[in-house]
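Heads up: the structure comes next, in structure tokens.
First the proteins, then the strands, lettered A, B, ... as listed; each starts at 1.
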Amino acid sequence: MKKKAIVALSGGVDSAVAAAILLEQGWEVAGLTMEVVTPECFETGQNRLGVESGKASREARKVADFLKIPFFSVNFTKEFREKVIQSFFSEYLSGRTPNPCVVCNRFIKFGILQEEALKLGADLFATGHYARIFHENDRYLLKKGIDEKKDQSYFLFSLQQEQLARTIFPLGSLTKDEVRRMAQKMGLPSPDRSESQDICFIPDQDYIGFLESELHIKGTAGNIVHVSGKVLGPHQGTYRYTVGQRKGLGIAWPQPLYVIRVDAEAKQVVVGEKMYLEVFEMQVQDVNWVAQPLTGSIRCKCRIRYRHQEAPASVVPLEDGRADVFFDEPQAGVTPGQGAVFYQEDLVLGGGWIR
RNA sequence: UGGGGCGUAGCCAAGUGGUAAGGCACCGGAUUUUGAUUCCGGCAUACCCAGGUUCGAACCCUGGCGCCCCAG
């Protein structure tokens, strides 16, 4: 009997090609899509997001129909809100900068969506991620995608072994160009869509407006303070700022100023010249060791944000899932709330959250 | 109302006779499955106002207006 794979279809090119590849390889394939942003579920009750309910499913269904594969859709609006959006809120309110994609992958996409796929009878769950999984010595290893420019392993650092075990990434050994050409050759419908980007649940990209309307908050004012202690002016809420931010400070200063620190409790945004952004060490928490649990310190390369030029560092594991990271060269913009991922060549050793 | 200084875009600011640097902010675009960063482009027919000198003035002269500092 044919092995069955269920592909998480987004309606975009990548997941469509992933499904096509599996079909070619002889899998029995079905498509599965989740709805995570049906507007009526938001408290406002208004469609301020401009998202049509069920849009994701409609787009994905077109692809499934084209490929002539069965299609399923689930509504995870509630779960998504509880897991992803809630933490998105609380992180911003505590002065940190969340990375909702990582949370979504851990709990939603490779969590309940994957479970849904298994319930539907799938042997494996597939997505269009540019990353690779290898099974060695009873361990499922996560590696970068071949296409360095598109590698998405960063967003997957918190996946558990069971999750990796049931996953397949058909695009991991392809480049984006190859995928595009395949899509064209297959005559996939409307690949005119631009790359998916920005926070998926905030289509207008106005995350500040989203926070304010959803949380009913409005400018808990405080001060923007220079690292020297000099008060430079007021701000309308610390959640509007993130470490490393340069634009939007609204302050006239001889040199470009960057956000160095956000102190939600003191309602203070500390800014300074670029040099103050440079940091030699940091601590991460809730570390997930993908390759193998780390017992002693190790040399590796650390990426502190998506598409960050990974930096040589030494990592020292601590208790409670924490670890100290010491960079060889100072890094600009170490931002609490962002993920830090440790690599050795293509291999993802693991990753944690910057404190 | 004695002395001194200043007045250039939303802000800071260069330019002291030859036809308005730069930075911040702002706007647009590129890059990007998070937030940022980064990159490219745009952004004063105009230099407090009014006269004058000059081929030519933000820059020189005269007179106003406004602001700041030190003295009353």
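Here B:G41 sits opposite B:C27 as a Watson-Crick or G-U wobble pair (both hydrogen-bonding atom distances under 3.5 Å). Across all strands shown, B:A57 forms no Watson-Crick or G-U wobble pair with both key distances under 3.5 Å. Nucleotide B:C67 has B:G5 as its partner under the Watson-Crick or G-U criteria, with both atom distances under 3.5 Å. The base-pairing partner of B:U16, taking Watson-Crick or G-U wobble contacts with both distances under 3.5 Å, does not exist among the strands shown.
As a whole-Å value, the separation of A:I199 CD1 from B:U34 C1' is 6 Å. Nucleotide B:U34 holds its P atom 9 Å from the CZ atom of A:R307, rounded to whole Å. Protein atom CE of A:M34 is 17 Å distant from nucleotide atom P of B:U33, rounded to whole Å. Computed from coordinates, the A:E148 CD to B:U31 P distance equals 19 Å when rounded to whole Å. Between the C1' atom of B:U31 and the NZ atom of A:K176 lies a distance of 14 Å, rounded to the nearest Å. In this structure, A:F88 places its CZ atom 8 Å from C1' of B:G35, rounding to the nearest Å. Atom P of nucleotide B:U34 and atom CD1 of A:I202 are separated by 12 Å, given to the nearest angstrom. Distance CG (A:D206) to P (B:G35): 12 Å, rounded to an integer number of Å.
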Table please: side-chain donor-acceptor pairs of residues 317-324 of chain A below 3.5 Å, with sequence neighbours left out.
{"from": "A:D324", "atom 1": "OD1", "to": "A:Q283", "atom 2": "NE2", "distance (Å)": "3.0"}

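Between B:C40 and B:G23, the two P atoms lie 11 Å apart (nearest whole Å). Taking the P atoms as reference points, B:A14 lies 23 Å from B:C26, given to the whole Å. Across the C1' atoms, B:G35 and B:C68 are found 44 Å apart, a figure rounded to whole Å. A gap of 38 Å separates the P atoms of B:G52 and B:G42, to the nearest Å. Atom C1' of B:C24 sits at a distance of 29 Å from the matching atom of B:C49, rounded to the whole Å. Spacing of C1' atoms, B:A13 relative to B:A58, comes out at 14 Å, to the nearest Å. If you take atom P in B:G29 and the same atom in B:C69, they sit 46 Å apart, rounded to whole Å.
Here salt bridge (Lys or Arg N to Asp or Glu O under 4.0 Å) pairs that include residues 271-288 of chain A, with residues two or more places apart or in two chains, number zero. For residues 113-131 of chain A, the pairs satisfying salt bridge (Lys or Arg N to Asp or Glu O under 4.0 Å) are A:E116-A:K119, with sequence neighbours left out.
Between A:R180 and A:D177 there is a salt bridge, since at least one side-chain N of the basic residue sits less than 4.0 Å from a carboxylate O of the acidic one. Remark: A:D14 does not engage A:K150 in a salt bridge, criterion side-chain N to carboxylate O under 4.0 Å.
Comparing A:T335 and A:Y258, the nucleotide of RNA chain B nearest to each residue sits closer to the 5' end for A:T335.
Judged by distance alone, the side chains of A:Q338 and A:R305 never bring a donor and an acceptor atom under 3.5 Å apart.
Judged as a side-chain hydrogen bond (donor to acceptor under 3.5 Å, both in side chains), and not counting sequence neighbours, the contacts of A:K144 are A:E310.
Comparing B:G35, B:U37, B:U33 against the side chain of A:Q245 picks out B:U37 as the nearest.
Counting distance only, with no hydrogens placed and no angle test, the side-chain atoms of A:H129 and the base atoms of B:U33 include a donor-acceptor pair under 3.5 Å.
Distance alone, capped at 3.5 Å, places no donor-acceptor pair between the A:S153 side chain and the A:A131 backbone.
No engagement by A:V102 is indicated, since no non-hydrogen atom pair under 4.0 Å with the nucleic acid exists. Counting non-hydrogen atoms under 4.0 angstrom, A:Y207 reaches the backbone sugars and phosphates but no base. Using a 4.0 Å heavy-atom criterion, one finds that A:G244 contacts the sugar-phosphate atoms exclusively.
Annotation for A:V315: hydrophobic cluster partners, listed by chain and number, are A:F134, A:L141, A:V279, A:M282, A:V284, A:V287, A:W289, A:L294, A:I298, A:I304, A:V325, A:F327, A:V334, A:F342, A:L347, A:L349, A:I354 (ILVMFWY side-chain heavy atoms under 4.5 Å, direct or chained).
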Protein-to-nucleotide contact annotation, 5' to 3' order, nucleotides 23-30 of chain B [B base; S sugar-phosphate only; - none; under 4.0 Å, heavy atom]: SSSS----

